[in-house]
Amino acid sequence: MGTFILCHSAVYLYSFDRFFGFDKVCILAENSTKKKVKAGDLLVFGNQYFLALGENLAFAEQYQHLTTTQAELVYKEFLSAPALKLFHWMVETYYTTYKSVVRLFFADDIEKLLEREAKLTKARSARDENWPKSTKIVQNKFSLSPDWQTLIVFPDLRTMFNTTDEAFREDPGVAFLSSTQTQNQKDVHRWEIKKWVKSMILCTYAEIFQDFHDLKKIIFVDPHKRYYANQQDPRYKVGDVIEEMKKLYGAEVEIMGV
């Protein structure tokens, strides 16, 4: 990762709701909140939500004239440190903006995402009842361990469905992510992964930008497939992103189908 320009007197914020110049980045007013704000925290002012980016920005020289805004802390560590570092890395590595990268990590409606966290209680109870921590489920070469999180990345849904069976995908410990799911389903899965309700995550490349709780293994299926090069801004290559995730989470990467 390249060097960010450090601004000791400012906490940069990403606004989910409005533009500040060419991007959606602004600065937190020093007297706006009584609670200490850390990078990854979520703040609110009225009905506007902000993600604390910290004191470092990719391409900070482009953000010389930023608006100062008031906001109050509403959710601590809304985005974990590894996920936030990946967020910054995506902006810098692919020469893009925060507004272009944020859609990979979050939906537009942050208030709805917060409301859906309440659904975790039932989901966690179902997992604890049906999937004791002493058990493992094995599907072909995939070992579902309750001791850490495993991410399996597929080039497309066809490969995923040909490699796994329905019983495995519907296990209480497994999160099956697909672009065909509703936003409600995606939001619930995001919380389940962040809160470690799910230990095995099956997804195609567009869904790898989750806030993992304890990611220790990444299985990269058929890395030669053309689907792994995203054609829209940001134009990222999935293999490069997985290598960065490996560093940030301290995860092992296993290649399948070379």
Side-chain angles (χ1 to χ4, degrees), residues 1-114 190 194 206 208-211 229-238 240-245 247-249:
M1 185 182 295
T3 302
F4 294 144
I5 294 178
L6 181 64
C7 181
H8 291 285
S9 60
V11 174
Y12 293 107
L13 304 179
Y14 175 83
S15 170
F16 290 98
D17 303 291
R18 56 176 292 202
F19 277 85
F20 296 92
F22 72 96
D23 205 343
K24 302 175 78 174
V25 176
C26 58
I27 297 176
L28 176 64
E30 291 184 7
N31 62 345
S32 63
T33 180
K34 296 179 181 178
K35 299 178 181 178
K36 184 173 176 58
V37 173
K38 295 182 179 180
D41 290 347
L42 185 71
L43 297 91
V44 66
F45 180 66
N47 60 354
Q48 299 178 31
Y49 287 93
F50 303 87
L51 175 67
L53 299 174
E55 296 180 339
N56 301 318
L57 278 184
F59 307 118
E61 66 277 4
Q62 299 185 53
Y63 299 91
Q64 295 297 322
H65 305 285
L66 290 178
T67 301
T68 300
T69 188
Q70 298 283 333
E72 290 290 333
L73 179 63
V74 68
Y75 197 106
K76 295 189 71 65
E77 201 176 344
F78 184 69
L79 196 62
S80 67
L84 183 62
K85 288 178 181 178
L86 184 63
F87 187 30
H88 284 296
W89 180 86
M90 290 290 295
V91 175
E92 184 180 44
T93 301
Y94 298 104
Y95 301 97
T96 186
T97 60
Y98 286 95
K99 66 179 174 61
S100 295
V101 172
V102 75
R103 64 175 177 265
L104 301 174
F105 290 80
F106 301 106
D108 292 333
D109 197 335
I110 297 300
E111 192 166 10
K112 282 289 186 184
L113 180 58
L114 290 173
R190 182 167 292 280
K194 181 177 178 64
I208 64 175
F209 300 96
Q210 303 292 324
D211 195 354
N230 189 51
Q231 300 302 314
Q232 298 179 335
D233 182 35
R235 296 178 182 274
Y236 63 90
K237 293 184 178 179
V238 175
D240 294 340
V241 176
I242 286 176
E243 279 301 308
E244 186 64 19
M245 291 170 64
K247 299 174 188 175
L248 293 174
Y249 288 97

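If you read the sequence from its start, that first residue is 1, and numbering goes on from there.
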Problem - Point-to-point distance, once rounded to the nearest 0.5 Å, from SG of C26 to CG of L66 - result: 7.5 Å
Exercise for the section: Please confirm whether the backbone N or O of M90 pairs with a side-chain atom of E92, one donor and one acceptor, at under 3.5 Å? Expected result: no
Exercise for the section: Name all pairs fulfilling the salt bridge (charged side-chain N to carboxylate O under 4.0 Å, His left out) condition that reach into residues 99-110, sequence neighbours left out, sorted by first residue then second. Expected result: none
Exercise for the section: Kindly indicate whether the side chain of T96, heavy atoms from C-beta on, has any atom under 4.5 Å from the side chain of V101. Expected result: yes
Completion exercise
Given the options F22, Y14, Y12, Y63 meets ring-ring contact (aromatic ring centres under 6.0 Å, His included) only with F22
Exercise for the section: Verify, without hydrogens or angle tests, whether N230 (side chain) and Q232 (backbone) share a donor-acceptor contact under 3.5 angstrom. Expected result: yes
Handout entry: Note, V25 side chain near L13 side chain (heavy atom, < 4.5 Å)
Key = no
Problem - Ring-face cation contact, F209 with R190, 6.0 Å cut, 45° max - result: no
Exercise for the section: List the atom of P234, the atom of Y94, and the distance in Å for their closest heavy-atom pair. Expected result: CB-CB, 4.2 Å
Handout entry: Y236 ring center within less than 6.0 Å of W89 ring center
Key = no
Exercise for the section: Could you tell me which non-hydrogen atom of F20 sits nearest to which non-hydrogen atom of S15, and how far apart they are? Expected result: CE1-CB, 3.6 Å
Handout entry: Distance flag, aromatic centroids of F78 and F105, threshold under 6.0 Å
Key = no
Handout entry: Y95 OH: over 12 foreign heavy atoms closer than 6.0 Å
Key = no
Problem - Euclidean distance, T68 OG1 relative to I27 CD1, rounded to 0.5 Å - result: 5.0 Å
Handout entry: Heavy atoms from other residues, nucleotides or ligands near NZ of K35 exceed 12 (cutoff 6.0 Å)
Key = no
Handout entry: Minimal non-hydrogen separation, L113 against F106, with atom names
Key = CD2-CD2, 4.0 Å
Practice task
With the side chain counted from C-beta on, respond yes when Q62 and D23 share a heavy-atom pair under 4.5 Å apart, and no when they do not.
Solution key: no
Handout entry: For V91 against A58, the heavy-atom pair lying closest together
Key = CG1-CB, 3.9 Å
Handout entry: Spacing of E111 atom CD and D17 atom CG [to the nearest 0.5 Å]
Key = 9.5 Å
Exercise for the section: Locate the shortest heavy-atom distance separating H88 from Y98; write the atom from each residue and the value. Expected result: ND1-OH, 2.8 Å
Run the side-chain donor-acceptor check on residues 36-54: report pairs under 3.5 Å with partners two or more places apart or on a different chain.
from	atom 1	to	atom 2	distance (Å)
D41	OD1	E77	N	2.7
D41	OD2	K38	N	2.8

Fill in the blank from the handout: Separation between NZ (K247) and NZ (K85), nearest 0.5 Å, reads 13.0 Å
Problem - Contact check, side chains of V241 and K237, non-hydrogen atoms, under 4.5 Å - result: no
Practice task
Any chance you could measure E55, atom CD, to L28, atom CG, to the nearest 0.5 Å?
Solution key: 11.0 Å
